[in-house]
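Keep in mind it's a predicted model, so treat the numbers as computed, not measured.
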Amino acid sequence: SGGSMTNGTPVVINYTISGDNFSDISGSVSAVVGQKAYIIFDIDPNNSSGPVMDSILNELGYAGDYYTSFSPMIDSLSNYASAFVFAGVYSSNTVIDQTNGGKLASWCTNNGGMLYLEGGDMWYYDPQYNSGYDFSSLCGINATDDGSSDLATIGGVDSTFTEGMSFGYSGENSWIDHIDAAGSGFVIFSNSSPIYNCGVANDAGSYRTVGMSFEFGGLTDGSGVSTKSALADSIMHFFGLEAQGINEHSLLKSRARQVSFGIRARGSNIVKGAAEFSYGLTKSGKVEVSVYDASGRMVKRLVRREEKSGYHTVSWDGRDGNGKNVRRGIYFVRLSSSGKSKTAKLLLMR
């Protein structure tokens, strides 16, 4: 009591049972109020992406559940705000049949579900030759080719929530479907060479989807916004979802890591109000320090000026360039000087 709770809020109920003829019995029960943030259906026989996504979303503070089959939870989608389906890449993949595909589609169109779909054959090959469900119209996708084994560097797209992202790829790499945007869909990822699109998001108004033809678990983390954690958080924000809290394991793990690359928050890379950063310059020159959100969008420029060599400090109060408080989540502070850039990751809590 004494506070409000939102959907997916984990709670602990402490209880005591008393009676005249037995000793008091005390205990506690954990529960979640309202919808959980996500459910994962990891039907990929190799389980290449599902456990990775589940672990990251949990560390980011999203409440959810993980399953390796559709049954029986496919009939409980109303308990979740978003669903993630990992179907795998040939020859370790699962075809989504008409029944389960229809349930996912109906949940989106009739109940406003937010859906992430991942699979190498689920867009082009499976609907045409394997009796797989055709998600194209639901997801704003036009599948153009069965593809090959040539994923290399996967890049984000400007003016989308993947702007500034770039990943090497070490996942399964056979018959990767080529997918373009259609209708209200828009491209969010492309392969570098040969050039083709491999990720499409769709804002249909009443629901949203993200469709990939590569494996999330095969992405190689880089610097700045180019991490699987930043991508997962960006997808959840695109779905209109925010983490409800950080579990103890995540909090302890994060506190053990100091902010790297020469920008250091005082004490921890978890901040609840204002964060102070220090940086050293070996020679005088122009310096720029800016804050970016998990989608790669610049939130606020903190410093842009000529500075002398030596140590300097700058603080950020958790507000954007218009003076408004930003929401909790992952942010990146980038220092640029003398043609070099350094980036530090922060977890802003409210």
Taking Trp316 for the side chain and Arg319 for the main chain, is one N or O donor matched with an acceptor at less than 3.5 Å? yes
Examine the side chains of Ser190 and Asn197 and answer whether a donor and an acceptor come within less than 3.5 Å of each other. yes
Is there a path from Trp107 to Met122 through hydrophobic residues (I, L, V, M, F, W, Y) whose side chains come within less than 4.5 Å of each other? yes
Do Leu117 and Leu231 sit in the same hydrophobic cluster, where Ile, Leu, Val, Met, Phe, Trp and Tyr count as joined when their side-chain heavy atoms come under 4.5 Å apart? no
Do Val326 and Asp293 come close enough that some side-chain heavy atom pair is under 4.5 Å? no
Using 0.5 Å steps for rounding, measure from the OG atom of Ser148 to the OH atom of Tyr196. 7.5 Å
Using only heavy-atom distances, determine whether the side chains of Asp54 and Tyr38 contain a donor-acceptor pair under 3.5 Å. yes
Establish whether Phe216 and Val157 are linked, either directly or via other cluster members, by ILVMFWY side-chain heavy-atom contacts under 4.5 Å. no
Under the criterion side chain to side chain donor-acceptor pair (under 3.5 Å), I'd like the reasoning laid out for Asp121 against Tyr129: C-alpha separation, chi angles, the key distance, then a yes or no. CA-CA 10 Å; Asp121 276 346; Tyr129 305 107; over 6 Å; no
Should the pair Tyr116 and Phe86 be assigned to parallel (<30°), tilted (30 to 60°) or perpendicular (>60°) ring geometry? tilted
Could you label the plane-to-plane angle of the Phe189 and Phe214 rings as parallel, tilted or perpendicular, counting under 30° as parallel and over 60° as perpendicular? perpendicular
Using every non-hydrogen atom in the two residues, find where Met236 and Ser82 come nearest and quote the distance to one decimal. CE-OG, 4.0 Å
Any donor-acceptor pair under 3.5 Å linking the side chain of Asn46 with the backbone of Ser48? no
Can you tell me how far the CG atom of Leu115 sits from the OG1 atom of Thr209, to the nearest 0.5 Å? 6.5 Å
Is there a path from Phe238 to Val200 through hydrophobic residues (I, L, V, M, F, W, Y) whose side chains come within less than 4.5 Å of each other? no
Using a cut-off of 6.0 Å, state whether more than 12 heavy atoms not belonging to Trp175 lie near its atom CH2. no
Is there a donor-acceptor contact under 3.5 Å from the side chain of Thr160 to the main chain of Thr162? yes
Okay, side chain of Asn130, backbone of Pro127: is any donor-acceptor separation there less than 3.5 Å? no
Step through it carefully: locate the ring centre of Phe167, locate the ring centre of Tyr169, and say whether they are under 6.0 Å apart. no
Quick one: do the Ser136 and Asp134 side chains pair a donor with an acceptor below 3.5 Å? yes
Spacing of Leu151 atom CG and Glu215 atom CD [to the nearest 0.5 Å]: 10.0 Å
Compare all side-chain heavy atoms of Ile179 with those of Tyr124 and state whether any distance is below 4.5 angstrom. no
Could Arg304 and Glu288 be called an ion pair, given the rule that one side-chain N must be under 4.0 Å from one carboxylate O? yes
Answer yes or no: is there a side-chain heavy-atom contact under 4.5 Å between Leu104 and Ile74? yes
Main chain of Gly113, side chain of Asn111: is a donor-acceptor contact present, judged purely on distance under 3.5 Å? no
How far does CD of Glu59 sit from CG of Asp233, to the nearest 0.5 angstrom? 12.0 Å
Roughly how far, to the nearest 0.5 Å, is the OG atom of Ser55 from the NZ atom of Lys228? 10.5 Å
Of the non-hydrogen atoms in Ala230 and Phe332, which two are nearest, and what is the gap between them? CB-CZ, 3.8 Å
Any side-chain donor paired with an acceptor under 3.5 Å for Ser213 and Asp177? no
Are a donor atom and an acceptor atom from the side chains of Ser184 and Asn202 found within less than 3.5 Å of each other? yes
Decide yes or no for Ser290 and Val333: does some side-chain heavy atom of the first lie under 4.5 Å from some side-chain heavy atom of the second? no
Would you indicate whether Tyr90, at its atom OH, is surrounded by more than 12 heavy atoms from other residues, nucleotides or ligands within a distance under 6.0 Å? no
NZ/NE/NH1/NH2 to OD/OE distance under 4.0 Å, Asp320 and Lys300: no
I'd like to know if the side chain of Asp180 and the backbone of Thr144 have a donor-acceptor N/O pair within less than 3.5 Å. no
Taking the ring of Phe70 and the ring of Phe41, is the distance between their centroids below 6.0 Å? yes
Between Ser284 and Ser309 (side chain of the first, backbone of the second, donor and acceptor by atom type, cut-off under 3.5 Å), is there such a pair? yes
Out of curiosity, Ile154 CD1 to Leu219 CG, how far, rounded to the nearest 0.5 Å? 5.5 Å
Short side-chain to backbone donor-acceptor contact, Gln35 and Tyr80, under 3.5 Å: yes
Just by modelled atom types, is the Asp75 backbone N or O under 3.5 Å from a matching donor or acceptor in the Lys103 side chain? no
Looking at residues at least two apart in the chain, or sitting in another chain, which of them share a side-chain contact (heavy atoms from CB on, under 4.5 Å) with Ser159? none
Quick one, Ile176 and Ser149 - any side-chain contact, counting heavy atoms below 4.5 Å? no
Met53 reachable from Ile39 in the ILVMFWY side-chain graph, under 4.5 Å edges: no
Side-chain donor/acceptor of Tyr207 to backbone N/O of Leu138, under 3.5 Å: yes
Could you work out, with side-chain contact (heavy atoms from CB on, under 4.5 Å) as the rule, every residue matching Ser69, not counting sequence neighbours? none
Verify whether one side chain among Tyr66 and Asp42 offers a donor that lies under 3.5 Å from an acceptor in the other. yes
